[in-house]
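Lettering follows sequence order; numbering is per chain, from 1. All values reported here derive from a predicted model rather than from experimental measurement. Below, all heavy atoms of this structure are taken into account, side chains as well, without hydrogens, waters or symmetry copies.
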Protein chains: 2
Amino acid sequence: MESVAEAARGRKPEEVKSAARVLEVLELLGVQGARLSLAEMAAAMAVPKSSLHAILRTMEARKWVDLDPSGTRYGIGLKALLTGTAYLEGDDVTSLAGPVLDALAEETGEAVHLGRLDGTHVVYLAKRESRHALRMYSAVGRRLPAHATGLGKAVLSQFDPAEVQRRLDWPLERLTPSTVTDPDAFLAQLAETRLRGWAVDDGENSVDIRCVAVPLGGGQGMDAISCSAPKSRMDDARLEEVAQAVTEAAHSLSTLLKRLGQH
Amino acid sequence: MESVAEAARGRKPEEVKSAARVLEVLELLGVQGARLSLAEMAAAMAVPKSSLHAILRTMEARKWVDLDPSGTRYGIGLKALLTGTAYLEGDDVTSLAGPVLDALAEETGEAVHLGRLDGTHVVYLAKRESRHALRMYSAVGRRLPAHATGLGKAVLSQFDPAEVQRRLDWPLERLTPSTVTDPDAFLAQLAETRLRGWAVDDGENSVDIRCVAVPLGGGQGMDAISCSAPKSRMDDARLEEVAQAVTEAAHSLSTLLKRLGQH
DNA sequence: CAACGTCATTCGGTCTTCTGAACGGCCGAA
DNA sequence: TTCGGCCGTTCAGAAGACCGAATGACGTTG
C-alpha cells in the first residue's frame with residue numbers, strides 16, 4: 001500500500017527510496033559549498049535521522065562524502081569530483097570543442113565558454129581564460145539562469161515562443177539592473193537573435209560584462225559557445241567583430257559534430 | 001541473518017545496499033567514458049538486472065544518468081558534473097590556491113598542477129596550462145598512480161617507509177620504461193625527496209615529461225603542487241630553477257592555509 | 001558544577017525493496 | 001519469414017531497509 005505521506009509528497013512508487021536519497025544528499029551538499037551535520041541534512045530533506053545515518057555511512061565508506069576532522073560535518077567527497085569530470089570526457093561536444101575553443105580564445109584574446117541548456121539554466125562545460133589581467137569569474141560546472149546569459153539566449157532562440165514560455169520559470173529572475181525580465185521584451189530579443197544568428201548579453205548576469213553567443217548544431221542542439229569581456233574592452237564595433245569570430249567557430253564546430261554523428 | 005552470499009563477497013551489513021549500488025553505478029560510468037547498457041552494468045557489478053533497473057530509473061529521473069537517443073545505453077548525467085565541481089569550490093586548499101598557481105604558471109611559463117593523494121592515486125584538483133604550443137594532456141579530476149607522479153612522490157615522502165609500504169599497492173605498476181617499480185629504489189627516492197624538499201618525476205608516467213613537485217602543509221597534508229614540462233624545455237639546470245619557484249609557491253600557499261586554519 | 005542542548009548512534013517490528021524467472025519487443029542471421 | 005540472441009521490463013515471494021524512540025557522548029550555558 002502506498003502510504004499517505006508518500007503520496008502527499010508526490011513521490012512515484014517507481015523510485016527506489018535510498019537511491020533517491022543518496023542523490024538528494026549529493027545535490028544538497030553540492031549546491032551550497034557549506035558542510036552540514038547529519039541532523040541538518042535530515043531536516044532539510046525531511047528524512048529520519050536514523051535512515052540518513054545508514055546512508056551517509058555507506059557514502060562515507062566510499063569517499064563520496066567527507067567527514068571533517070571533528071567528525072560531525074559532512075561535505076562532498078573526492079569520488080564525486082572524479083565522476084563529475086567524467087561527464088565531460090564522455091561527451092562528444094566537449095571533447096571535440098577543445099581545439100575550436102582554443103582557436104577562438106587565441107583570436108579574440110577574451111574568455112570563451114561552451115555551455116549547455118539544462119532546464120532553466122545554462123551549465124558551463126568548458127572555458128578558456130582571457131589573456132587580460134581583468135578577468136571574469138566562471139567555472140566549469142557552474143550554472144546560471146538561461147534568460148540572463150548569452151549562451152542561454154542563443155540556445156533558446158532556436159525554439160518558438162510557446163516552447164520558450166514552457167521551458168522557463170516565470171517571472172524571470174532579476175540578477176542585475178540590466179536583466180531583461182519583461183516577457184514580451186525577452187521574446188522580442190530572442191526573435192532578433194534568431195534573425196541575426198547570435199545572442200548578446202549586455203551586463204544581464206554580471207554588471208559590466210558583455211557577451212556574444214552562438215548556438216551549435218543547426219537548430220536542435222542544447223549547446224552554444226560564447227565570448228565574454230568587460231564593457232571597457234567590448235564596444236559595439238568590437239562586439240560585431242567578436243560575433244563574426246564566434247559565429248565562424250560555432251559553424252566549424254557544428255560541422256565537426258555533424259560529421260561525427262554520421263560516423 | 002547475514003546471508004552466505006553476502007559474507008562471501010565481504011560486504012559489511014552496515015552498508016545500505018541500494019545506496020552502495022547508486023555509487024557503484026556512478027563510479028562504473030565514471031572510470032570508463034564509455035556508455036553501457038543495463039545488462040552490461042548488471043554483469044560488471046554482479047547485480048541482478050531487475051534490481052539495477054529500478055535504481056537506474058531513479059537516477060535517470062534526476063538526471064544523474066543519461067539515456068542515449070536509442071534509449072539503451074546509459075552514461076553519466078549532468079547533475080554529476082554540478083556536484084563534482086562543487087567539491088572544488090568547497091575545498092579550502094583549492095579555493096586559496098588559485099592566485100598562487102596563477103603566479104607560478106606566469107613565472108615558469110609551464111603547466112602547473114595542484115594534486116591530492118587519494119589512496120594509491122593522485123587526483124588533479126586544479127591546473128594552469130603552459131604558454132607553449134607543445135602541451136601535456138591533463139584534466140582536473142583525473143587520477144594517476146601516486147608512485148609514478150611528482151605530486152604523489154612529494155606527498156608520500158612525508159610518510160615513513162613502513163607507512164608508504166602500507167599505503168601503496170605492490171608491486172608498483174609500470175607506466176613507462178622509466179617508472180620506478182623496485183621497492184628499494186622507490187623508497188630511496190622518497191628519502192632523497194624528503195631531504196631535498198622536492199620530488200622529481202622524470203618521464204615516469206608520460207614519456208618525455210619531467211615534473212617537479214613540493215608537498216603542502218608542513219608535513220601532514222595530502223596535497224602538493226607541481227610544475228611539468230617536456231624534457232626539451234627542462235634540462236637539469238632548468239629543473240633546479242623551477243624547483244626553487246615551486247618550493248616558494250608551496251611555502252606561500254602553506255602559510256595561507258595555516259593562517260586560515262587558525263581562523 | 002550540574003543541567004541542558006545538540007550531536008551521532010543503536011535497536012527491534014513493520015513495511016519496502018530486492019530478487020530470479022518469465023515476458024514481450026527488437027534486431028540481425030539463417 | 002523464422003529463429004535466436006539480446007534488450008528492457010514485470011511480478012509475487014523472500015529478504016532486508018526503514019522508522020521512531022531511547023541512548024550515550026560531547027560541549028555549552030546557567
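Protein atom OH of Tyr74(B) is 7 Å distant from nucleotide atom P of dG8(D), rounded to whole Å. When rounded to the nearest whole Å, the span between CE of Met59(B) and P of dG8(D) equals 15 Å. dG8(D) atom C1' lies 16 Å from atom CD1 of Ile55(B), rounded to whole Å. Taking atom CE of Met41(B) as the reference point, atom C1' of dC7(D) lies 15 Å away to the nearest angstrom.
Electrostatic pairing of Arg166(B) and Glu163(B) counts as a salt bridge here, judged by a charged N lying under 4.0 Å from a carboxylate O.
Across dC18(C), dT16(C), dA8(C), the shortest atom-to-atom separation from the side chain of Lys17(A) is found for dT16(C).
The closest side-chain heavy-atom distance from Leu216(A) to Leu114(A) is below 4.5 Å. The closest side-chain heavy-atom distance from Pro161(A) to Leu190(A) is not below 4.5 Å. A heavy-atom distance below 4.5 Å is not found between the side chains of Leu78(B) and Asp66(B).
The phosphate of dC19(D) has OP1 or OP2 within less than 4.0 Å of a side-chain N or O from Arg21(A). Applying the 4.0 Å criterion to OP1 and OP2 of dG8(D), one finds that Arg73(B) has every side-chain N and O outside that range. An OP1 or OP2 oxygen of dA8(C) is reached within less than 4.0 angstrom by no side-chain nitrogen or oxygen of His53(A).
Within the helix from dC1(C)-dG30(D) to dC23(C)-dG8(D), the inter-axis angle between the opening and closing five-pair segments is 40°, rounded to 10°.
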What one-letter contact string describes nucleotides 20-29 of chain C from 5' to 3', where B marks a base within less than 4.0 Å of any protein heavy atom, S marks contact via sugar-phosphate atoms alone, and - marks no contact? B---------

